[in-house]
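Structure, as structure tokens:
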Amino acid sequence: MAKVYVFLGPPGAGKGTLGELFCQDSGVIHVSTGQLLRDEMELGSDLGQQVKELISHGSLVSDEIVAAMVAKRLAQPDIKARGVLLDGFPRTVHQAEMLCAILSENGGEMAAVLLIEADETMLMDRLTSRRMCPNKQCEAIYNIRTNPPRKAGICDRCGTALIQRSDDSEETARGRLKVYDEQTRPLVDYYEGKGKLVRMQSGDDAVEVNYKRLKAALKQ
Ligand code: ADP
Ligand code: ZN
């Protein structure tokens, strides 16, 4: 398998937005576990029904479910050829251990784990002002303050009416930040210990500015 990148960081840090730019530039394939789970919910599959409640409350889905989903996706030939950016996985130390096993089975090589840091008030602000395009072929992400669409409420790329994710409400967003602190932050030490961690600070700037910081951090 080609190179594997992991973007780690609290909800709202910009993993999805910066991840998409990174993938356009580098040709690696963007895999967001949050998006895969939202797709299942929309399809109304058994899996989608199982995870709906957890996601809407801002809790994590079980490690086994998410790891199985990732293993299946990583086994596909496009990823073997082009490499992958994992956005939102792993989210617990147990998931990181599972990823390690998946990669050794597939011969995958971890290129880097990028920690995208941001201050907490900015995160809350960003989550609650985030909007997304619900069109499956598009899925563009906007922010009504820092990255607004040209026409309010309408996707620049495809003209679909934008929506707010139900878990971006203030209360759920706060809960997700707490879940990050308790369950995901320990991964910083985990990957630092393995010598794989690089850091960048995501500020309250335009996307392009943060993307330059990302490239500098990854030296690309
Ligand atoms: P964000 O990073 O903005 O919180 P995501 O789109 O990555 O949002 O995830 C949305 C939700 O999907 C999470 O709050 C969680 O319920 C679920 N989820 C996504 N990835 C994982 C994962 N690796 N492990 C467990 N749950 C996950
Ligand atoms: Zn769109």
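Both backbone and side-chain heavy atoms feed into the values below; hydrogens, waters and symmetry mates do not. In this chain, numbering begins with 1 at the start of the sequence shown. Order of appearance sets the numbers: ligands from 1, and atoms from 1 within every ligand.
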Can you get from [X] to [Y] by hopping between Ile, Leu, Val, Met, Phe, Trp and Tyr side chains that sit under 4.5 Å apart?
{"X": "Leu85", "Y": "Ile141", "answer": "no"}
{"X": "Ile55", "Y": "Val66", "answer": "yes"}
{"X": "Met200", "Y": "Leu187", "answer": "no"}

Discussion item. Please check this pair: side chain of Arg126 against backbone of Ala13, looking for a donor-acceptor N/O pair closer than 3.5 Å.
Written reply: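 Yes; judged by distance alone, with no hydrogens or angles, the pair exists.
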Worksheet item: Taking Lys15 for the side chain and Gly88 for the main chain, is one N or O donor matched with an acceptor at less than 3.5 Å?
Response: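 No, Lys15 side chain to Gly88 backbone: no donor-acceptor pair under 3.5 Å.
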Would you check whether [X] has a nitrogen or oxygen atom less than 3.5 angstrom from a nitrogen or oxygen atom of ligand 1?
{"X": "Arg38", "answer": "yes"}
{"X": "Leu127", "answer": "no"}
{"X": "Asp87", "answer": "no"}

Looking only at protein heavy atoms, which one is nearest to [atom], and how far off is it?
{"atom": "atom 16 (O) of ligand 1", "value": "Ser59 O, 2.5 Å"}
{"atom": "atom 9 (O) of ligand 1", "value": "Arg91 NH2, 3.4 Å"}
{"atom": "atom 8 (O) of ligand 1", "value": "Arg165 NH2, 3.1 Å"}
{"atom": "atom 24 (N) of ligand 1", "value": "Gln95 NE2, 2.8 Å"}
{"atom": "atom 26 (N) of ligand 1", "value": "Val61 N, 3.0 Å"}

Discussion item. Does the structure place the NZ or CZ of Lys215 under 6.0 Å from the centre of the six-membered ring of Tyr211, at an angle of no more than 45° from the ring's axis?
Written reply: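 The answer is no; the distance or angle limit is not met.
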Discussion item. How wide is the angle at the Zn ion (ligand 2) spanned by Cys133 SG and Cys158 SG, rounded to 10 degrees?
Written reply: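 Result: 100°, to 10°.
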Fill in: SG (Cys155) to the Zn ion (ligand 2) to SG (Cys138) angle, given to the nearest 10 degrees
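Once rounded, the angle between the two atoms at the Zn ion (ligand 2) is 110°.
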Contact atoms of ligand 1, heavy-atom distance to [X] under 4.0 Å:
{"X": "Lys15", "result": "2 (O)"}
{"X": "Gly88", "result": "20 (N), 21 (C), 22 (C), 23 (N)"}
{"X": "Val66", "result": "22 (C), 23 (N), 24 (N), 25 (C)"}
{"X": "Arg176", "result": "1 (P), 3 (O), 4 (O), 8 (O)"}
{"X": "Leu37", "result": "12 (O), 17 (C), 18 (N), 19 (C), 27 (C)"}
{"X": "Thr33", "result": "19 (C), 20 (N), 21 (C), 23 (N)"}

Fill in: Donor + acceptor pair across side chains of Gln35, Asp39 (<3.5 Å)
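Asp39 and Gln35 do have a side-chain donor-acceptor pair below 3.5 Å.
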Worksheet item: Is ligand 1 under 4.0 Å from a heavy atom in the side chain of Arg130, in the backbone, in both, or in neither?
Response: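 It is the side chain that gets close, since no backbone atom is under 4.0 Å.
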Worksheet entry | Residue portion contacting ligand 1 (non-hydrogen atoms closer than 4.0 Å) for Ile55 |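 Near ligand 1, Ile55 shows its backbone as well as its side chain.
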Practice prompt. Could you please spell out the steps behind the ring pair (Phe, Tyr, Trp, His ring centres under 6.0 Å) verdict for Phe22 and Tyr5?
Written response: CA-CA 10 Å; Phe22 176 71; Tyr5 293 87; 5.0 Å; yes
Worksheet item: Side chains of Pro90 and Tyr190: does their closest heavy-atom pair fall under 4.5 Å?
Response: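 With C-beta onward as the side chain, the pair stays apart.
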Worksheet item: Looking at Ser202 and Ala118, what are the two nearest heavy atoms and their distance?
Response: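 Ser202 and Ala118 have their closest heavy atoms at O-CB, 3.6 Å.
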Practice prompt. Quick one: closest heavy-atom pair of Asn135 and Gln137, and the distance?
Written response: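 Scanning both residues, the minimum pair turns out to be OD1-N, 2.9 Å.
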